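Working notes, structure below.
A, B, ... follow the sequence lines: proteins, then strands. Residue 1 opens every chain. Values below: every heavy atom of this structure, side chains too, minus hydrogens, waters and symmetry copies. Keep in mind that this is a model prediction, so the values were computed, not measured.
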Amino acid sequence: MKEKELRRSLSVLPIGTVMKLTDLSARQIRYYEQQGLVIPERNEGNRRMYSLNNVDQLLEIKDYLSEGINMAGIRHIYEQQKEREHAKQEQMQKSLTDTDVRRILREEIKAVGGLADRADKLSVHKKKL
DNA sequence: CTTCTCACA
DNA sequence: TGTGAGGA
């Protein structure tokens with residue numbers, strides 16, 4: 001299920017195709033790039049090459065604009081999304097830490113079980129893990 | 001022919 | 001945001 005995302009990330013569309021797909025002018029597409037939104041890759045000839053994900057981003061921006069949101073507003077939405085992703089990454093690290101703690105506890109109980117075996121005590125710990 | 005950057009009667 | 005110039 002990851003090959004699909006990889007393909008959507010491939011930058012193979014020239015600005016002309018993106019214009020038709022998004023119904024946006026080249027001026028607008030380039031302007032949004034200057035504003036830090038939807039930055040395409042550049043080919044060997046300095047030509048902008050967009051991915052399907054880029055097109056989706058452009059379409060999303062287009063929607064926000066149609067809903068009466070200006071560039072500044074869209075920038076705020078962008079910043080908020082970055083903060084959310086940053087927060088998620090921190091939670092991921094905490095989750096990994098918890099996993100490590102569980103692994104360590106499991107090994108401890110396993111070791112204890114090898115020496116003395118109070119079935120009741122072990123079962124209680126196993127439930128928590 | 002398509003796209004790029006820059007600038008504005 | 002549109003448009004035209006001048007180059008690639």
- Query: Mind pulling the stems DNA chain C is in, i.e. runs of at least three Watson-Crick or G-U pairs, everything under 3.5 Å?
  - Reply: B:4-8 with C:2-6
- Query: Between Y31(A) (OH) and dC4(B) (P), how many Å, whole number?
  - Reply: 18 Å
- Task: Round to the nearest Å and state the distance from I29(A) atom CD1 to dT5(B) atom C1'.
- Result: 16 Å
- Item | DNA chain B-proximal residues of residues 61-75 of chain A, any heavy atom under 4.0 Å | none
- Task: Going 5' to 3' through nucleotides 2-8 of chain C, assign each nucleotide B (protein heavy atom under 4.0 Å from a base atom), S (under 4.0 Å only from sugar-phosphate atoms) or - (no protein heavy atom that close).
- Result: BB----B
- Task: With sequence neighbours left out, write down each residue that passes side-chain hydrogen bond (donor to acceptor under 3.5 Å, both in side chains) with N43(A), or none if nothing qualifies.
- Result: none
- Message: Tell me whether the side-chain N/O atoms of R48(A) come closer than 4.0 Å to OP1 or OP2 in dT3(B).
- Response: no
- Query: For N46(A), which residues count as a side-chain hydrogen bond (donor to acceptor under 3.5 Å, both in side chains) partner, sequence neighbours excluded?
  - Reply: R42(A)
- Are L24(A) and I61(A) close enough, and set up right, to give a side chain to side chain contact (heavy atoms under 4.5 Å, CB included), and what steps lead you there? CA-CA 10 Å; L24(A) 290 171; I61(A) 292 174; over 6 Å; no
- Message: Under a 3.5 Å distance rule, please check whether E107(A) uses its side chain to pair with a backbone N or O of I104(A) as donor and acceptor.
- Response: no
- Message: Which residues in residues 10-19 of chain A have a heavy atom closer than 4.0 Å to any atom of DNA chain B?
- Response: P14(A), I15(A), G16(A)
- Where the side chain of S95(A) meets the backbone of Q91(A), is there a donor-acceptor pair that is under 3.5 Å apart? yes
- Item | By side chain to side chain contact (heavy atoms under 4.5 Å, CB included) - contacts of S9(A) (at least two apart) | N53(A)
- Results of side-chain hydrogen bond (donor to acceptor under 3.5 Å, both in side chains) for R30(A) - residues two or more places apart only: none
- Which residue pairs pass the salt bridge (charged side-chain N to carboxylate O under 4.0 Å, His left out) test with at least one member in residues 77-87 of chain A, sequence neighbours excluded? none
- Whole-Å distance separating the CZ atom of R30(A) from the P atom of dC6(B): 12 Å
- Task: Scan for side-chain hydrogen bond (donor to acceptor under 3.5 Å, both in side chains) pairs involving residues 59-73 of chain A, sequence neighbours excluded, and state none if there are none.
- Result: E60(A)-Y64(A)
- Under the side-chain hydrogen bond (donor to acceptor under 3.5 Å, both in side chains) test, residues paired with S51(A) that sit two or more places apart: N54(A)
- Item | Electrostatic pair R48(A):E41(A) at N-O distance under 4.0 angstrom | no
- Query: Would Y50(A) and T22(A) count as a side chain to side chain contact (heavy atoms under 4.5 Å, CB included) if you check the C-alpha gap in whole Å, the side-chain angles of each, and the deciding distance to 0.1 Å?
  - Reply: CA-CA 12 Å; Y50(A) 300 81; T22(A) 64; over 6 Å; no
- Message: Tell me whether the side-chain N/O atoms of Y50(A) come closer than 4.0 Å to OP1 or OP2 in dT3(B).
- Response: no
- Quick note, salt bridge (charged side-chain N to carboxylate O under 4.0 Å, His left out) partners involving residues 7-21 of chain A, not counting sequence neighbours, are R8(A)-D56(A)
